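One structure below.
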2 protein chains.
Amino acid sequence: MDRPRKPTLDTVAGAVGVSRATVSNAYNRPDQLSAALRERIMETAASLGYPGPDPVARSLATRHSAAVGFMLGQGLSASFADAALSIVLDGLASTVDGHDHCLVLIPGRDKGGPRPETVARAQADVVVAYSLPDDAPALAAVRARGLPMVVIDQPVLPDTARVEVDDFGGARLAASSLWDLGHRRFGVVTFALHPDGHNGPVTPERLTSTPFRVTWDRLQGYLDVAGADTPTWECARSSRELGRAGARALMSAEPRPTALLCASDELAFGALQAVRDLGLRVPADVSVIGFDDVPAAEHADPPLTTVRQPLAEKGRHAGELALRLLNGGRPGEPTRLAVSLVSRDSTAPPE
Amino acid sequence: MDRPRKPTLDTVAGAVGVSRATVSNAYNRPDQLSAALRERIMETAASLGYPGPDPVARSLATRHSAAVGFMLGQGLSASFADAALSIVLDGLASTVDGHDHCLVLIPGRDKGGPRPETVARAQADVVVAYSLPDDAPALAAVRARGLPMVVIDQPVLPDTARVEVDDFGGARLAASSLWDLGHRRFGVVTFALHPDGHNGPVTPERLTSTPFRVTWDRLQGYLDVAGADTPTWECARSSRELGRAGARALMSAEPRPTALLCASDELAFGALQAVRDLGLRVPADVSVIGFDDVPAAEHADPPLTTVRQPLAEKGRHAGELALRLLNGGRPGEPTRLAVSLVSRDSTAPPE
DNA sequence: GAGTGTGGCTGAAGCGCTTCAGACCGTCCA
DNA sequence: TGGACGGTCTGAAGCGCTTCAGCCACACTC
């Protein structure tokens, strides 16, 4: 039983009686041959069950692969489980949609980003890096391959397109709004300053040595208004549970804070819960503010006052930059997106 | 200025003074050469800035690409925006994580799935199809390429691995629980029966001709208990907004239903809102039941009674099947996962 | 000393496609 | 009539890698 080999360009060319180049042209440059011939080629291809030029071989010959890569800080699964990341990806995806490019998710390990070997195998024409530490080995791997790169938020690298957000300004804005309402005793709940799984009060050393710009900026924005000595609790991840624990810890101070500044909405949701746990009310007893404005913020109980960072816009813009680089464009100046305060019902004057 | 070409295997081979095959072996089969030589090769490679074998060329030669493809019904962005889909992908991703495979998201158009051309360009060793209509052209494209495929939920195809869920049983279970509570007047809110953007009451023709098995099964499960003549509203997408509109329409009947059976949690969230809009209470005035048990169901107001389908498990299992096919395994028998009813506070006896 | 391994390395044949410099031919213009 | 030209199609040189059959030298075994 001689199993028929999968048809290739040559098979088709042979069957039609033309050169391989012509068949290739039939697929890629219809203007290079007569319509009639092209028609004949396509028909033969169909009858032979030829699925069109093999993507890998085509990529090898053309040196591009119609795919944009996305390097994750964490495992693949974070892309779908982390609300803020999902929205960024959604934005990116919506830009890339319509260009018939696939999106290749490159899994990372912990907060350190992808292994260089993984990057080395990923097939993409351009890669987007999101919130990786400056020293991530994956970055070097991308450069070594000579792929263009666009960076979101972090890290700051020469010769890459970049889009970032005014985290400091946003945090400052949030804290100021609380200050203006009359709050003077604050607590801050932040996510990781270091990729070491630490949960607990933030020490000055941990703060100043953080490799995560976003964390640093948000914290500085909060502390700039609230005061550098504001009790601050670090959570290893941006999760509701850890936020709840952190807020609980902060609320045990005497006198307890009247406002909780959270580095993310997810942490803020936990804080909301912690306040309820104590039998207190938001915002009557304690104000809570978040950061990101994920969709759930609007449906929280009470609806969460938060800093809206244009997550989708960030992704969309990164997508545009990626597409531009794909077409040989230059990185250009970094884009900085504005943030705004979304006032809902989790903040009010103290007492 | 003669810009140095990017180094290749040959460059390294030349520099070390060995054959190209040996350098290749240094990367892929360390046991084929002496440790000392391998060492020397790696050092030279590093000093030359050689990033390792080019993934595309390697894929061409080996015919595999260390990537699993995922065909979406909709645009890329649905992967991140649709809660249930996200969880499935999360499950899939968590299986694939640790195998150093990338996940290639293949964008679809509307409910029809990816364009065949897009599939033809995607570089993956195996592709997972999720909830595509039976006649999606993308499926043919995958087969034409001879790629192994695993199908989630739909469609039913010969010679593919498959994982599915007992949608009928789940829906029946949900409806029965309401029946047992004493409900006799139902309304059903479903998502699309046809990929034509229709919103409105379901006609028997639309129902019987649907190409979406999942929709069909859930509906049949509901109607089996509630009665075939139960008022049923079709929403073009599974969105909160459309669910709200649909529920509002159903609630305008006289006498109005005492229980709303929704084909998804997202629709149920809309229904909850619709009931509130009318100044009525859930579950005192109207019971609402969902399907999927997405995380938000637990935090809905009130917490939503719903059918839990093991979304993550579905994804995880699909991932395992994909990995098995990747290693040359046979598809095997379809796996059917069980569902269960999660009783929360959105259901109660009528009145 | 002939036979048998065996670890270490190489030559060359692909993998399936794109692309570029022509070849060929009929047209058109002067 | 001749030359320039545009439209079609082809030959052949890659793209960068893997892999398999072997070759060689050396160590063993009987």
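None of the values given here were measured: they were computed from a predicted structure.
- What separates NE2 of His64(B) from C1' of dT18(D) is a distance of 10 Å, to the nearest Å.
- Here Ser19(B) reaches the OP1 or OP2 of dT10(C): one of its side-chain N or O atoms lies under 4.0 Å away.
- A close approach under 4.0 Å does occur between a side-chain nitrogen or oxygen of Arg63(B) and OP1 or OP2 of dG16(C).
- Listed nucleotides: dG16(C), dC15(D), dC17(D). Nearest to the side chain of Arg20(B): dC17(D).
- With respect to the salt-bridge test (charged N to carboxylate O, under 4.0 angstrom), the residues Arg121(B) and Asp54(A) do not qualify.
- Distance Asp31(A) CG to dT8(D) C1': 11 Å, rounded to the nearest Å.
- Salt bridge status for Asp153(A) with Lys314(A): present, with a side-chain N to carboxylate O gap under 4.0 Å.
- With dC17(D), dC9(D), dT10(C) as the choices, the nucleotide that has an atom nearest any side-chain atom of Leu37(A) turns out to be dC9(D).
- No donor-acceptor contact under 3.5 angstrom links the side chains of Thr44(B) and Ser47(B), judged on distance only.
- The nearest heavy atom of DNA chain C to Val56(A) and to Ala35(B) marks one nucleotide each, and the one closer to the 5' end goes with Ala35(B).
- In this structure Phe80(A) satisfies the ring pair (Phe, Tyr, Trp, His ring centres under 6.0 Å) test together with Phe80(B), sequence neighbours excluded.
- The CG atom of Asn28(B) sits 4 Å away from the P atom of dT18(D) (whole-angstrom rounding).
- The nucleotide whose nearest atom lies closest to any side-chain atom of Arg58(A) is, among dT18(C), dC9(D), dT18(D), dT18(C).
- Among dG11(C), dT10(D), dG16(C), the nucleotide with an atom closest to any side-chain atom of Asp54(A) is dG16(C).
- Listed nucleotides dG14(C), dG16(C), dG11(D) differ in distance to Ala21(A); the shortest reach to its side chain belongs to dG11(D).
- The side chain of Ala61(A) has dG16(C) as its nearest neighbour among dG16(C), dG16(D), dT10(D).
- Residue Leu9(B) places its side chain closer to dT18(D) than to any other of dT18(D), dG16(C), dT19(C).
- Spacing between atom CZ of Arg38(B) and atom P of dG7(C) amounts to 18 Å, rounded to whole angstrom units.
- Atom CG of Leu60(B) is separated from atom P of dG14(C) by 14 Å (rounded to the nearest Å).
- Note on Glu313(A) versus Arg316(A): salt bridge recorded, some NZ/NE/NH1/NH2 to OD/OE distance being below 4.0 Å.
- In this structure, of dC9(C), dT18(D), dT18(C), it is dT18(C) that holds the atom nearest to the side chain of Ser24(A).
- At dC9(C), none of the side-chain N or O atoms of Thr22(B) fall inside 4.0 Å of OP1 or OP2 (strictly under the cut-off).
- For Asp10(A) and dG16(C), the CG to C1' distance is 8 Å, given to the nearest whole Å.
- Rounding to whole angstrom units, CZ of residue Arg29(A) and C1' of dT19(C) are separated by 6 Å.
- Side-chain atoms of Val18(A) lie closest to dT10(D) of the nucleotides dT10(D), dC15(D), dG14(C).
- The pair Asp82(B)-Arg237(B) does not meet the salt-bridge criterion, since no charged nitrogen lies less than 4.0 angstrom from a carboxylate oxygen.
- Taking atom OH on Tyr50(B) and atom C1' on dG16(D), their separation rounds to 8 Å, with Å as the unit.
- Of the candidate nucleotides dT18(D), dC9(C), dC15(D), dC9(C) has the atom nearest to the side chain of Leu33(B).
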